[in-house]
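The block underneath contains the structure these notes are about, expressed in structure tokens.
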Amino acid sequence: MTDQDNLTAKQLDYAVFLPAISGFYATFIGKQRDPVNGPYVDPARMPAGIQDMEQMNWLNSQKSLFPYKWSLYSGGHANLDLTKQDWSEDMIRNRDPNTVLLGDSGGFQIAKGLWEGDWKANSGCLKAQKRRQAVLTWLDSISTYGMGLDIPTWVIHDKKASDACQIKTLDQAVEATKYNNEYFIKHRRGKDAGGARFLNVLQGDNHPNADAWYELMKEYCDPKKYPGRHFDGWGMGGQNMCDVHLVLRRLVALRHDGLLQQGLHDWMHFLGTSKLEWAVLLTVIQRAVRKYVNPSFTISFDCASPFLATANGQVYHHIDLPHNDKWCYRMSPIVDDKKYATDTRPYGQAVLADGLIDHFDESPISRHLTMKDICIYRPGDLNKIGKEGKTSWDSFSYALLMGHNVWMHLEAVQRANRTYDSGSWPAMMWNQGTKGRTGDHAHFRDIVDAIFATPNRAESEAIIEHYSRYWMDIVGTRGFKGDKTVSARPQFNMFFEEVEVAETADDSVLLDTSTLRSEEHTSELQSRVDISYAVFCLK
């Protein structure tokens, strides 16, 4: 295609953002291919410039409007039975073989009781074992990398969650995760036999717990203990994925424990990371590790923000990167009005002309949309369940805007990195405490370079501790600063405000589908929007 925005080609050496694909969105891509029951969307409903659903599939390098070869998909909402055709998952199952997919294992589903069973180590629970086996087979068959099946440590602080999975203590969470790790190592297909590579997930809700977890779990990446079957990299969960102080300490430990070896431990994934500044921060860390430790090292991070935002009627409309200030992608509930059902004006131009917002960044999808492509229902129109709803959107309206939001998020991450490389930076990447402290580095990148430039572990750790005040200024994607944990339960829309807010202590927020704006599709979205992927933060 001549009008492709090839985001794969633009990725360069940046940390890799993985869109956490919504099952709702994947259904539109996959079911459109069904030769018997398709097309899923009536061709008459398609926008004039989007006549092939594959134009919205970024994993299709030939037809997509914005090809991008990296993504994440969760076994928590997947159909794990690969013996039967499921067109709703065809976007994942029959993707381009050159794409890279990280398969999430579903630890969140265990912790929330969505995967029933007693998950304690050696419990003998048949339900748990059946699921354990199914998710391993699925990951081995569908993924480039797969996450280990961890039990998040936050479960012990949530009585409902702990009752559901029978994990009551930190020791039980640790032992259950070890049991799952050992099962995966023993029964994995093996990367040389066409199976997935696996990431060793690190949990812990504070520094001591995270350190203890690492010491107990690091053996699963040890090629001496598990030759040919060891895990192949690292998954950063809990405070490990949002506290830069802990991240840097952990990487130094991995280096000197021999667990960042090229060809053996080349990948590290940060779960649920959406803060835009962290896209640049992780790139800086990746570059330093590549320079001094492992030239094949890659950092990835994911979030489901583009999908969850759309489900709440939020549309990304501006990427804002002011020098030495807060960097963000802005989103708003832009337009849902039946008066636009016959409006043929281009979508982006119309929302600006009508004063609905003051800035709209066009995407390869939005450029093909008119107002009536989104606001499909006129006053008096009945929706698919035979009622006149309040919304002017139908299911496909959500899918179109999800595609737009995915491009916007990808573009924001890549643009942030390009902007940083051009000489600008977000405020948190500049050490404000350098005044009067001779010899201190002002730039985050210079501090990180110094940490990894020395081959001496004690010296690296001393540099990290020297800047402990600065780490407190780098707000994590869960609202954590340094080694302090902040806990709150704000409402969804608070995550889109410019003020800093904290997320829940369980590192997640469940999307309450009762707040979905489309009355017609509430029941549909309850089953098909990623309930399992309501693990997010949007700031």
Side-chain angles (χ1 to χ4, degrees), residues 4-11 14-30 33 53-79 82 86 88-106 108 138-147 196-199 233 235 267-274 279 282 298-310 316 363-365 399 402-414 528-530 532-536:
Q4 280 186 329
D5 181 16
N6 192 330
L7 298 182
T8 298
K10 293 180 177 180
Q11 178 58 25
Y14 312 143
V16 181
F17 172 66
L18 308 180
I21 301 172
S22 156
F24 175 82
Y25 190 86
T27 294
F28 280 87
I29 303 298
R33 302 173 177 176
M53 196 71 75
E54 294 300 316
Q55 292 174 262
M56 296 169 58
N57 177 13
W58 58 88
L59 297 178
N60 187 329
S61 62
Q62 299 302 310
K63 294 185 177 181
S64 176
L65 290 169
F66 56 103
Y68 184 75
K69 75 174 191 177
W70 300 272
S71 285
L72 178 145
Y73 196 63
S74 175
H77 62 255
N79 179 353
L82 297 174
D86 185 342
S88 67
E89 304 225 319
D90 212 59
M91 177 184 179
I92 308 302
R93 294 186 179 188
N94 289 309
R95 70 184 193 278
D96 184 330
N98 294 314
T99 57
V100 176
L101 184 77
L102 174 60
D104 202 355
S105 58
F108 180 78
W138 182 82
L139 288 167
D140 245 343
S141 304
I142 213 77
S143 309
T144 313
Y145 277 90
M147 303 292 288
R197 290 172 167 81
F198 281 91
L199 303 184
W267 203 280
M268 174 175 281
H269 181 73
F270 286 73
L271 289 156
T273 299
S274 63
L282 293 176
T298 294
I299 290 177
S300 63
F301 57 105
D302 80 276
C303 71
S305 309
F307 305 102
L308 293 166
T310 314
Y316 286 52
S363 73
I365 287 181
M402 283 179 178
H404 164 80
N405 282 355
V406 168
W407 179 88
M408 283 286 289
H409 200 116
L410 288 166
E411 171 66 14
V413 166
Q414 293 188 344
R528 291 166 54 200
V529 173
D530 298 337
S532 64
Y533 259 25
V535 182
F536 73 101

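FYI, side chains are in, hydrogens and waters are out, and symmetry mates aren't considered; it's all heavy atoms of this structure.
No side-chain heavy atom of Ile29 sits under 4.5 Å from any side-chain heavy atom of Asn60. Side-chain contact between Arg93 and Ile142: present, with at least one pair of heavy atoms (C-beta onward) separated by less than 4.5 Å.
Within the 3.5 Å criterion, the main-chain N or O of Tyr73 finds no donor-acceptor partner in the side chain of Asp104. Not one N or O on the side chain of Gln11 forms a donor-acceptor pair closer than 3.5 Å with the backbone of Phe17. Remark: side-chain polar atoms of Glu89 are paired, donor with acceptor, to backbone N or O of Asn79 under 3.5 angstrom. Side chain of Asp140 to backbone of Ala196: a donor-acceptor contact under 3.5 angstrom is found. Judged by distance alone, the side chain of Arg95 and the main-chain N or O of Lys69 form no donor-acceptor pair under 3.5 Å. At least one donor-acceptor pair closer than 3.5 Å links the side chain of Ser64 to the backbone N or O of Asn57.
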Review point. Are Lys10 and Asp5 close enough, and set up right, to give a side-chain contact (heavy atoms from CB on, under 4.5 Å), and what steps lead you there?
Key: CA-CA 9 Å; Lys10 293 180 177 180; Asp5 181 16; 2.6 Å; yes
Practice item. Take Trp267 and Thr144, measure what side-chain contact (heavy atoms from CB on, under 4.5 Å) needs, and give me the verdict at the end. Key: CA-CA 11 Å; Trp267 203 280; Thr144 313; over 6 Å; no
Exercise for review: Report the C-alpha distance between Val413 and Phe301 in whole Å, list the side-chain angles of each, state the deciding distance to 0.1 Å, and finish with yes or no for side-chain contact (heavy atoms from CB on, under 4.5 Å).
Suggested key: CA-CA 11 Å; Val413 166; Phe301 57 105; 3.9 Å; yes
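Here the CE atom belonging to Met91 is positioned 11.5 Å from the CE atom belonging to Met53, to the nearest 0.5 angstrom. Remark: Leu308 CG to Ser22 OG distance equals 8.0 Å, nearest 0.5 Å. Taking OG of Ser71 as the start and CG of Leu59 as the end, the distance is 4.5 Å to the nearest 0.5 Å. Atoms CG and CD1, on Asp302 and Ile21 in that order, are 11.0 Å from each other to the nearest 0.5 Å. Atom CG of Leu18 and atom OH of Tyr68 lie 6.5 Å apart (nearest 0.5 Å). Distance check, rounded to the nearest 0.5 Å: CG of Leu282 to OG1 of Thr298 gives 12.0 Å.
Here the shortest heavy-atom pairing between Phe66 and Pro364 reads CB-CG, 4.3 Å. A pairwise comparison of heavy atoms in Trp58 and Pro19 identifies CZ2-CB, 4.0 Å as the closest pair. Annotation for Leu139 and Gly146: closest pair CD2-CA, 4.1 Å, computed over non-hydrogen atoms. Minimum heavy-atom separation, Ser61 to Pro67: CA-CB, 3.9 Å. Here the closest non-hydrogen pair linking Met147 and Phe198 is O-CD2, 4.2 Å. When every heavy atom of Ser363 is checked against every heavy atom of His404, the shortest pair comes out as OG-ND1, 2.8 Å.
Classification of the His409-Tyr316 ring pair by plane angle, with boundaries at 30° and 60°, yields tilted.
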